[in-house]
Participant: 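Sharing a structure with you now.
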Amino acid sequence: MRSVHPNGGGFAVTDDPDGVIDVFLGCAVSLGGVSGRPLSVEFAERFSPEGSGMRFPVFVAYRAEEPDDVPEEFDDQVRAEVGVKELWVLTDLWPGQMPRSAVIEGPELRHLLGEVLELRSSWTRPQQG
């Protein structure tokens, strides 16, 4: 399972060669500022198995419900897992660049979001010593 670590002012994820999951986490963290609700609530609602995901002009994250929901750069094996596994499609839509996508299972996605919440809370906790 991947893990998250701080990277400057953002996050880096292990085994994320294109940086799509890194970008996703940065966008996901901004959800609280958009809605004014706690991130834990946003994450729990949006990224539950029945969640709506998120849509920004530069990034989308959604649950694949049908094989055609998986971008064509992924093979038929990934498409065959739709409906068998809870798969989420993360797509970076940065203007002037080709879209880049990652497919991740729901439990791992929620694990990474939980790590982000923990990292953020450690950044705001007073240091003891």
Participant: Main chain of Arg55, side chain of Tyr62: is a donor-acceptor contact present, judged purely on distance under 3.5 Å?
Facilitator: no
Participant: When you measure from the side chain of Asp75 to the backbone N and O of Val78, does any donor-acceptor pair fall under 3.5 Å?
Facilitator: yes
Participant: Where the side chain of Thr91 meets the backbone of Ser101, is there a donor-acceptor pair that is under 3.5 Å apart?
Facilitator: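 Such a contact is absent between Thr91 side chain and Ser101 backbone.
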Participant: If you look at every heavy atom in Pro57 and Leu93, which pair is closest and at what distance?
Facilitator: O-CB, 4.0 Å
Participant: List for me each residue that meets ring pair (Phe, Tyr, Trp, His ring centres under 6.0 Å) alongside Phe47, sequence neighbours excluded, and say none if there are none.
Facilitator: Phe24, Trp88
Participant: State the OG-CZ distance between Ser30 and Phe59, to the nearest 0.5 angstrom.
Facilitator: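 CZ of Phe59 is found 11.0 Å from OG of Ser30.
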Participant: Side chain to side chain contact (heavy atoms under 4.5 Å, CB included) between Leu39 and Arg120: does it pass, once the steps are laid out?
Facilitator: CA-CA 10 Å; Leu39 277 178; Arg120 285 178 49 88; 3.4 Å; yes
Participant: Would you check if the side chain of Arg63 reaches a backbone N or O of Ser52 as a donor-acceptor pair within less than 3.5 Å?
Facilitator: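 No, the answer is negative, given that no donor and acceptor are paired below the 3.5 Å cut-off.
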Participant: Checking salt bridge (charged side-chain N to carboxylate O under 4.0 Å, His left out) for the pair Arg100/Asp92: CA distance, chi angles, key distance, verdict?
Facilitator: CA-CA 5 Å; Arg100 300 175 306 155; Asp92 185 351; 2.5 Å; yes
Participant: Does Leu112 belong to the same Ile/Leu/Val/Met/Phe/Trp/Tyr cluster as Val89, with side-chain heavy atoms less than 4.5 Å apart forming each link?
Facilitator: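 In one cluster with Leu112: Val89, no.
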Participant: Checking side-chain hydrogen bond (donor to acceptor under 3.5 Å, both in side chains) for the pair Glu42/Ser35: CA distance, chi angles, key distance, verdict?
Facilitator: CA-CA 8 Å; Glu42 286 289 340; Ser35 71; 2.5 Å; yes
Participant: For a side chain to side chain contact (heavy atoms under 4.5 Å, CB included) check, start with the C-alpha distance between Asp22 and Asn7, then their side-chain angles and the critical distance, and finish with the verdict.
Facilitator: CA-CA 10 Å; Asp22 297 350; Asn7 185 21; 5.5 Å; no
Participant: Using the rule side-chain contact (heavy atoms from CB on, under 4.5 Å), only one of Thr14, Asp16, Leu109 pairs with Ile21; which is it?
Facilitator: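 Output: one option passes, namely Asp16.
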Participant: Can you tell whether the side chains of Glu45 and Arg37 come within less than 4.0 Å, N to carboxylate O?
Facilitator: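 Looking at Glu45 and Arg37, the cut-off is met.
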Participant: Between the main-chain N or O of Glu86 and the side-chain N or O of Glu105, is there a donor-acceptor pair closer than 3.5 Å?
Facilitator: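 Checking the backbone N and O of Glu86 against the side chain of Glu105, no donor-acceptor pair under 3.5 Å is found.
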Participant: Roughly how far, to the nearest 0.5 Å, is OG of Ser40 from CG of Leu113?
Facilitator: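 Going from the CG atom of Leu113 to the OG atom of Ser40 covers 11.5 Å.
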Participant: Run the numbers on Phe43 and Ser48 for side chain to side chain contact (heavy atoms under 4.5 Å, CB included), then give the verdict.
Facilitator: CA-CA 8 Å; Phe43 290 174; Ser48 72; over 6 Å; no
Participant: When hydrophobic residues are tied together by side-chain contacts of less than 4.5 Å, even through go-betweens, does Leu117 share a cluster with Leu119?
Facilitator: yes
Participant: Would you confirm whether Arg2, through its side chain, and Asp15, through its main-chain N or O, come within 3.5 Å as a donor-acceptor pair?
Facilitator: yes
Participant: Could you state whether Leu90 and Leu87 fall into the same hydrophobic cluster, counting links through intermediate Ile, Leu, Val, Met, Phe, Trp or Tyr residues with side-chain heavy atoms under 4.5 angstrom apart?
Facilitator: no
Participant: Answer yes or no: are there more than 12 heavy-atom neighbours, outside Met1 itself, under 6.0 Å from its atom CE?
Facilitator: yes
Participant: If Ile, Leu, Val, Met, Phe, Trp and Tyr residues are connected whenever their side-chain heavy atoms lie under 4.5 Å apart, and connections chain through other members, are Met54 and Ile104 in the same group?
Facilitator: yes
Participant: Look at the side-chain heavy atoms of Ile, Leu, Val, Met, Phe, Trp and Tyr, link any pair under 4.5 Å apart, and say whether Leu31 and Val23 land in one connected group.
Facilitator: yes
Participant: Determine whether more than 12 heavy atoms belonging to other residues, nucleotides or ligands lie under 6.0 Å from atom CD of Glu72.
Facilitator: no
